[in-house]
Amino acid sequence: MKIATFNINGIKARIEALPEWLEQARPDVVCLQEIKSVDENFPREVFEALGYQVETHGQKGFNGVAILSKLPMTDVVRGLPGDDSDEQARWIEATVQGARKVRVCGLYLPNGNPAPGPKYDYKLAWMARMEARARTLMADELPLIFLGDYNVIPEAQDAAKPEAWTTDALFLPQSRAAFRRLEHLGLTDAFRIQHPGPGHYSFWDFQAGAWERNNGIRIDHLMCSPQAADLLMSSGIDKAVRGGVKPSDHVPVWVELDA
DNA sequence: ATGCCGATTAGTAATCGA
């Protein structure tokens, strides 16, 4: 089972690049972030024609997440539990049925800048809620994967220029500590465990020639529960997508599970 | 690198992202 995450930065803007990547990479399941669309306007027929079942959790203008699955997908939950007053569409989960069942949680973690401030408070509160949700789901001891745009640079080696991020919400100690708490629950950063060392990025800013200078950061992650990590076969970052026509500022990251 | 670019909504300027 090939499972991928891709922050597409607008479904309308990526309506050609996304199907092109899907046909080339052929993932079974894809979690999308920043669809920037309400559910009614998501072009689901484009992806149904490619064999995908489509579940969205959108909102007007920004944010918005979705899951595309070639495998049967059931038990969809929209919105991160734990705060009924949270209006932002940043979480969607579902169970997909391959050779084994896998619970897939697609997430778009808040950016949090500027820090300190209310946006950073929201980020940290959101991460605490996510940790609570992870505890709940992990109690079942089933294959479980939390994937998406975490907006967290876990370590200095995950940035080309870590010194430029020291006061940024993506790299502040509290953000990284919250990420580590997820790891301490027993979640494994699937890409990192298979690809040690610097130079692996999933985001390059549109500005200042970041792509041409390879000034990137690794902020899109797939975190596996112990039962999912036991099924981990391979993982990768589809870096070449960033050099394609009308690219997003993020690229797809994926794992293959023996499931 | 201080949103320098890019997407969206609203309607040519503002907001948001990382």
Side-chain angles (χ1 to χ4, degrees), chain A residues 5-21 31-43 46 56-66 86-91 106-127 130 147-176 178-179 200-221 237 239 241-253:
Chain A
T5 175
F6 190 2
N7 181 325
I8 56 175
N9 192 3
I11 186 59
K12 286 181 203 160
R14 233 56 64 200
I15 199 58
E16 294 187 11
L18 176 56
E20 186 177 328
W21 170 73
C31 290
L32 302 175
Q33 301 88 40
E34 287 204 89
I35 63 173
K36 296 186 178 180
S37 164
V38 293
D39 296 334
E40 310 83 81
N41 292 346
F42 190 87
V46 171
T56 61
H57 180 43
Q59 86 180 73
K60 190 175 182 178
F62 57 107
N63 299 331
V65 289
D86 186 2
E87 307 266 314
Q88 300 195 32
R90 297 179 172 277
W91 182 273
L107 64 108
Y108 175 42
L109 208 149
N111 171 308
N113 280 307
K119 291 190 173 181
Y120 194 56
D121 295 340
Y122 175 67
K123 177 178 192 148
L124 294 178
W126 202 97
M127 294 186 82
M130 178 178 166
L147 68 162
D149 177 357
Y150 277 70
N151 271 317
V152 174
I153 302 166
E155 299 179 89
Q157 65 175 344
D158 296 310
K161 297 183 178 180
E163 66 280 5
W165 297 93
T166 50
T167 62
D168 193 284
L170 278 63
F171 194 54
L172 281 174
Q174 287 182 87
S175 307
R176 297 165 63 196
F179 185 85
H200 302 293
Y201 312 127
S202 65
F203 170 91
W204 294 261
D205 202 301
F206 287 125
Q207 302 177 93
W211 169 245
E212 289 75 11
R213 298 163 192 259
N214 196 27
N215 180 15
I217 52 177
R218 194 177 70 93
I219 56 175
D220 299 273
H221 310 299
I237 297 177
K239 181 177 180 178
V241 171
R242 186 64 176 80
V245 178
K246 209 171 187 315
S248 170
D249 40 7
H250 296 250
V251 297
V253 187

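Reminder, nothing fancy here: chain letters follow the sequence lines and each chain counts from 1.
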Just the rounded figure in Å: distance from [atom2] of [N] to [atom1] of [X].
X	N	atom1	atom2	value
A/Q207	B/dG6	CD	P	9 Å
A/D249	B/dC4	CG	P	15 Å
A/N63	B/dT9	CG	P	12 Å
A/I8	B/dG17	CD1	P	16 Å
A/I11	B/dA7	CD1	P	13 Å
A/E163	B/dA1	CD	P	9 Å
A/F203	B/dG17	CZ	P	12 Å
A/I35	B/dT9	CD1	P	11 Å

| field | Residue whose nearest DNA chain B nucleotide is more 5′ - A/A208 or A/Y108 | value | A/A208

| message | By nearest heavy atom, map A/F62 and A/D205 onto DNA chain B; which one lands nearer the 5' end? | response |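 Residue closer to the 5' terminus by nearest nucleotide: A/D205.
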
| request: Residues of residues 113-123 of chain A with any non-hydrogen atom less than 4.0 angstrom from an atom of DNA chain B: list those, numerically ordered, please. | output: A/N113, A/K119

| query | Is any side-chain N or O of A/K12 closer than 4.0 Å to OP1 or OP2 of B/dT9? | reply |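 For A/K12, the contact criterion (side-chain N or O under 4.0 Å from OP1 or OP2 of B/dT9) is met.
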
Given [options], identify the nucleotide with an atom nearest to the side chain of [X].
X	options	result
A/E34	B/dG3, B/dG17, B/dA7	B/dG17
A/R90	B/dG17, B/dT8, B/dG3	B/dG17
A/F206	B/dA10, B/dG6, B/dG3	B/dG6

Over all strands shown, is [X] touching base, sugar-phosphate only, or nothing at heavy-atom distances under 4.0 angstrom?
X	result
A/K246	sugar-phosphate
A/R213	nothing
A/N7	sugar-phosphate
A/D149	sugar-phosphate

Between [M] and [N], how far apart are the [atom1] atoms? Round to whole Å, please.
N	M	atom1	value
B/dT2	B/dA14	P	22 Å
B/dG6	B/dA10	P	23 Å
B/dA1	B/dG11	C1'	31 Å
B/dT12	B/dG17	P	24 Å

| Can you list the steps and then say if A/W126 with A/L109 is a side-chain contact (heavy atoms from CB on, under 4.5 Å)? | CA-CA 7 Å; A/W126 202 97; A/L109 208 149; 3.7 Å; yes

| request: Please say which of A/H200, A/R218, A/R176 ends up in a side chain to side chain donor-acceptor pair (under 3.5 Å) with A/D158. | output: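 In the set A/H200, A/R218, A/R176, the residue that makes a side chain to side chain donor-acceptor pair (under 3.5 Å) with A/D158 is A/R218.
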
| field | N/O donor-acceptor pair, side chain A/N151 with base B/dG17, under 3.5 angstrom | value | no

| said: Side chains of A/Q33 and A/D149: any donor to acceptor distance under 3.5 Å? | reply: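 No pair is found: no donor N or O on one side chain lies under 3.5 Å from an acceptor on the other.
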
| field | Modelled atom types, side-chain donor and acceptor of A/N214 and A/W204, under 3.5 Å | value | yes

| task | Pick out which of A/Q174, A/E155, A/H221 makes a side chain to side chain contact (heavy atoms under 4.5 Å, CB included) with A/F179. | result |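 With A/F179 as partner, side chain to side chain contact (heavy atoms under 4.5 Å, CB included) holds for just one option, A/H221.
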
| request: Might you work through the side-chain contact (heavy atoms from CB on, under 4.5 Å) test for A/Y201 and A/I237, ending with a clear yes or no? | output: CA-CA 8 Å; A/Y201 312 127; A/I237 297 177; over 6 Å; no

| query | Does the side-chain contact (heavy atoms from CB on, under 4.5 Å) test come out yes or no for A/K12 and A/N41, once each step is laid out? | reply | CA-CA 10 Å; A/K12 286 181 203 160; A/N41 292 346; 5.5 Å; no

| message | Once rounded to the nearest 0.5 Å, what's the spacing between atom OG of A/S37 and atom CG of A/N63? | response |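 The CG atom of A/N63 is 12.5 Å from OG of A/S37, to the nearest 0.5 Å.
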
